[in-house]
Amino acid sequence: MNNTNNQTSPFQQPVILTIAGFDPSCGAGIAADLKTFSAHNCYGVAAITALTVQNTQGVEAVYPVNADCLRESIQALLDDGRVSAIKVGMIGDRANAEVVRDILSKTGFLPSVLDPVLRSASGRSLLDEGGLKVLREELLKFPSALTPNTEEAAALTGLHVENVEEMKIAAKKLVEMGARAVVITGGRLEKATDVFYDGSSFETFITDRVKPDNTHGTGCTFSSALVSNLVLGRQLRDAIVLAKVFVSEAIRKAFPTGPGRVPLHHLYRMQQAPRIADHSAALAEPEIVH
Ligand code: PLP
């Protein structure tokens with residue numbers, strides 16, 4: 001495919017590619033990623049690894065997309081030449097994990113965040129056993145940062161991970177397994193505590209729990225906010241702090257969209273404007289009507 005449009009615009013935003021699953025209730029997965037990129041003034045493009053059937057009450061089914069379709073989708077987006085960062089979320093199965101490995105092995109110069117999504121909060125597996133093996137043995141080493149929650153860190157390392165000390169041990173093991181930097185998110189601890197380890201030093205970030213457990217898509221949102229801050233030029237440590245603040249605020253402003261779990265309000269910053277903006281000037285002199 002040819003790239004013929006090289007014009008620049010003062011409104012230009014960095015382009016981030018998300019490779020992730022689709023949640024039709026739009027609290028997690030690709031939809032959460034795209035909203036989070038937009039909230040950070042970044043432009044998101046997306047390659048779908050799997051369709052899920054779900055609503056606020058849980059995931060009912062998972063349909064991984066064909067690996068050739070995923071590979072071609074990603075390649076087409078990369079061929080446009082503007083992707084400047086990559087986020088990987090739910091992968092689905094082994095064939096798609098191999099596609100992601102092939103892509104990340106060739107795009108190591110771009111900032112990237114891998115959120116090793118394994119199962120939904122409702123208990124549905126979002127990555128098969130073969131995919132987990134590829135993730136553990138091959139994918140881990142590529143991204144700028146890996147963002148497992150405590151359960152994912154336990155599954156990847158085989159360790160017990162339920163408190164800050166265990167999170168530190170697991171983070172160290174993940175780096176020994178090849179990860180460049182790790183943030184283990186502990187949103188379910190008494191205080192929301194994340195442990196960062198980059199192979200040289202640990203840092204622990206603690207915030208009060210904003211609301212109880214009923215939030216949906218927190219991991220997707222955190223990893224997307226992290227990659228957005230990286231592509232905007234922040235250092236990893238600062239990007240983590242800003243992503244954590246964004247997630248806390250998006251949880252604080254969340255509202256129910258169904259009877260089940262509550263999606264984060266990714267675009268809460270827009271809500272600070274009045275709900276019906278004052279468009280009287282544009283309506284009085286409509287430049288677009290001829
Ligand atoms: N669906 C998709 C497509 C996801 O990527 C994820 C998590 O990353 C989920 C569902 C599950 O989200 P949660 O664990 O918040 O229920």
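Numbering of ligands and ligand atoms starts at 1, following listing order. Side chains are part of it too, since the values below use all heavy atoms of this structure and drop only hydrogens, waters and symmetry mates.
- Contact annotation: for A28 versus ligand 1, heavy atoms closer than 4.0 Å belong to the side chain alone.
- Contact analysis leaves R124 out of contact with ligand 1, as no non-hydrogen atom separation drops below 4.0 angstrom.
- A side-chain donor-acceptor contact under 3.5 Å links R136 to the backbone of A155.
- Of all atoms in ligand 1, numbered sequentially from 1 with element shown, those under 4.0 Å from a heavy atom of G21 are 3 (C).
- Enclosure of atom CZ in F205 by more than 12 non-hydrogen atoms of other residues, nucleotides or ligands within 6.0 angstrom is indicated.
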Worked check of ring pair (Phe, Tyr, Trp, His ring centres under 6.0 Å) between H40 and F246 = CA-CA 10 Å; H40 288 81; F246 178 80; 4.6 Å; yes

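- Of the candidates L51, L126, V117, L126 brings a heavy atom nearest to atom 9 (C) of ligand 1.
- Within ligand 1, the atoms closer than 4.0 Å to a non-hydrogen atom of G217 are 15 (O), numbered from 1 in the order shown.
- Ion pairing between a basic and an acidic side chain is recognised when a charged N comes within 4.0 Å of a carboxylate O; D198 and R180 show no such pairing.
- Of the protein's non-hydrogen atoms, the one nearest atom 10 (C) of ligand 1 is Q54 NE2, 3.3 Å.
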I would like to know whether V88 and V113 meet side-chain contact (heavy atoms from CB on, under 4.5 Å); could you show each step before the answer?
-> CA-CA 6 Å; V88 179; V113 173; over 6 Å; no

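- The existence of a salt bridge linking D208 and K191 is confirmed by a sub-4.0 Å separation between a basic side-chain nitrogen and an acidic carboxylate oxygen.
- Within ligand 1, counting atoms from 1 as listed, the ones closer than 4.0 Å to a heavy atom of A121 are 13 (P), 14 (O), 16 (O).
- Contact annotation for D115 and ligand 1: no heavy atom of the residue comes within less than 4.0 Å of the ligand.
- The 12-atom threshold is not exceeded at CZ of R234, counting heavy atoms of other residues, nucleotides or ligands nearer than 6.0 Å.
- At a 3.5 angstrom cut-off on N or O pairs, F22 does not count as close to ligand 1.
- Considering both main-chain and side-chain atoms, H216 comes within under 3.5 Å of ligand 1 through a nitrogen or oxygen pair.
- Between R261 and ligand 1, an N or O atom pair is found at a separation short of 3.5 Å.
- Atom CD of E176 sits in a crowded spot, with more than 12 heavy atoms from other residues, nucleotides or ligands closer than 6.0 Å.
- Under the 4.0 angstrom criterion for non-hydrogen atoms, C220 is in contact with ligand 1.
- Ligand 1 lies out of reach of G89, whose nearest heavy atom is not under 4.0 Å from it.
- The environment of F202 atom CZ is dense: over 12 non-hydrogen atoms of other residues, nucleotides or ligands sit within 6.0 angstrom.
- The M90 neighbourhood of ligand 1 comprises atoms 3 (C), 5 (O), with distances under 4.0 Å to a heavy atom of that residue.
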